[in-house]
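Scroll down for the structure; my scribbles are underneath it.
Treat the numbers as computed from the prediction; the structure is a model and nothing was measured.
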Amino acid sequence: MKKIKITYWVITICTLIGFLLSAVNELLRTPKTLAESTQLLGYPAYFLTILGVAKLIGIIVLLVPRFNKLKEWAYAGFTIDCISAFWSENAVGNPMGSIKSVVVLLFVLLSYYFLRKLSATSFNRE
């Protein structure tokens, strides 16, 4: 149980740090983010605010204990974000962006897997 918990938190914290950096860049509308997200991918600038706020909400939900249904929604949102990023990067011919999206998606899926494993072990102990 302890190994699962440690593994879950290490993977989840790494994942959430990545999403936090992304959210901050989107909310601050850094020049690099504006160039890559709005110009290269063809998204409107206001879309960055929507993504940034959604990511911050997802991060908070995953860090707060309880709220298991909301955690499911947060994982779904992060998965959709990664798949959309992969698709968008592929559409504009950016293979490095596509690879990054797949790596982040693997972290999201691993985090979710260990959360489910953790929930199952704690449920069996009660």
Side-chain angles (χ1 to χ4, degrees):
M1 169 90 164
K2 190 170 184 172
K3 283 183 183 179
I4 295 171
K5 196 173 205 172
I6 291 170
T7 305
Y8 166 74
W9 279 111
V10 167
I11 291 170
T12 301
I13 294 299
C14 290
T15 305
L16 295 182
I17 287 171
F19 277 108
L20 179 63
L21 292 173
S22 174
V24 168
N25 284 331
E26 290 161 352
L27 290 172
L28 295 178
R29 296 182 183 208
T30 61
K32 183 177 185 231
T33 304
L34 277 172
E36 289 177 0
S37 296
T38 58
Q39 294 169 353
L40 180 65
L41 297 175
Y43 294 138
Y46 68 83
F47 190 62
L48 294 176
T49 305
I50 295 169
L51 281 176
V53 169
K55 288 175 185 177
L56 287 179
I57 292 169
I59 291 166
I60 291 166
V61 166
L62 291 184
L63 289 175
V64 173
R66 301 186 203 137
F67 307 118
N68 289 335
K69 280 292 182 205
L70 283 178
K71 287 185 192 308
E72 296 276 338
W73 282 90
Y75 279 111
F78 286 145
T79 300
I80 291 167
D81 179 66
C82 292
I83 292 169
S84 299
F86 173 80
W87 212 264
S88 296
E89 297 288 356
N90 254 355
V92 296
N94 184 4
M96 288 310 293
S98 299
I99 292 169
K100 185 175 86 171
S101 302
V102 171
V103 170
V104 174
L105 178 60
L106 289 175
F107 271 84
V108 169
L109 295 175
L110 275 172
S111 174
Y112 179 72
Y113 170 78
F114 282 106
L115 175 69
R116 299 292 296 176
K117 204 165 176 71
L118 193 61
S119 298
T121 54
S122 65
F123 180 73
N124 289 335
R125 293 182 120 206
E126 293 174 358

Taking a hydrophobic cluster as the set of Ile, Leu, Val, Met, Phe, Trp and Tyr residues connected by side-chain heavy atoms closer than 4.5 Å, whether directly or through intermediates, do Leu105 and Leu115 fall within one such cluster? no
With the side chain counted from C-beta on, respond yes when Phe114 and Ile11 share a heavy-atom pair under 4.5 Å apart, and no when they do not. yes
Are the side chain of Thr79 and the backbone of Tyr75 linked by a donor-acceptor contact shorter than 3.5 Å? yes
OH (Tyr8) and CG (Leu110) are apart, to the nearest 0.5 Å, by 12.5 Å
Cluster question for you: counting only ILVMFWY and a side-chain heavy-atom cut-off of under 4.5 Å, with indirect links fine, are Phe86 and Phe78 together? no
How close do Phe107 and Cys14 get, heavy atom to heavy atom, and via which atoms? CE2-CB, 4.2 Å
Using every non-hydrogen atom in the two residues, find where Leu62 and Trp9 come nearest and quote the distance to one decimal. O-CH2, 4.1 Å
Is there a path of hydrophobic side-chain contacts, each under 4.5 Å between heavy atoms, that joins Val53 and Leu70? yes
Find the distance between CG (Leu118) and CD1 (Ile4) and round it off to the nearest 0.5 Å. 7.0 Å
Nearest 0.5 Å please: distance from the CZ atom of Arg116 over to the CG atom of Asn68. 8.5 Å
Quick check against the 3.5 Å criterion: does Ser22 have a side-chain atom that pairs as donor or acceptor with the backbone of Gly18? no
Any chance you could measure Leu34, atom CG, to Tyr43, atom OH, to the nearest 0.5 Å? 14.5 Å
At their closest point, which heavy atom of Lys71 faces which heavy atom of Val64, and how far apart are they? NZ-O, 2.6 Å
When hydrophobic residues are tied together by side-chain contacts of less than 4.5 Å, even through go-betweens, does Leu48 share a cluster with Ile59? no
Check Ser111 against Thr12 and note the closest heavy-atom contact, atom names and distance. OG-OG1, 2.6 Å
In terms of heavy-atom contacts, Cys82 and Ser101 come closest through O-CB, 3.7 Å
Output the distance between atom CG (Asn94) and atom CD1 (Ile99), rounded to the nearest 0.5 Å. 9.0 Å
Can you check whether Leu20's main-chain N or O pairs, donor with acceptor, with Lys55's side chain at less than 3.5 Å? no
Are Leu21 and Ile13 connected in the hydrophobic side-chain network, where two residues link if heavy atoms are under 4.5 Å apart? yes
Here the gap from Leu27 atom CG to Ile50 atom CD1, rounded to the nearest 0.5 Å, amounts to 11.0 Å
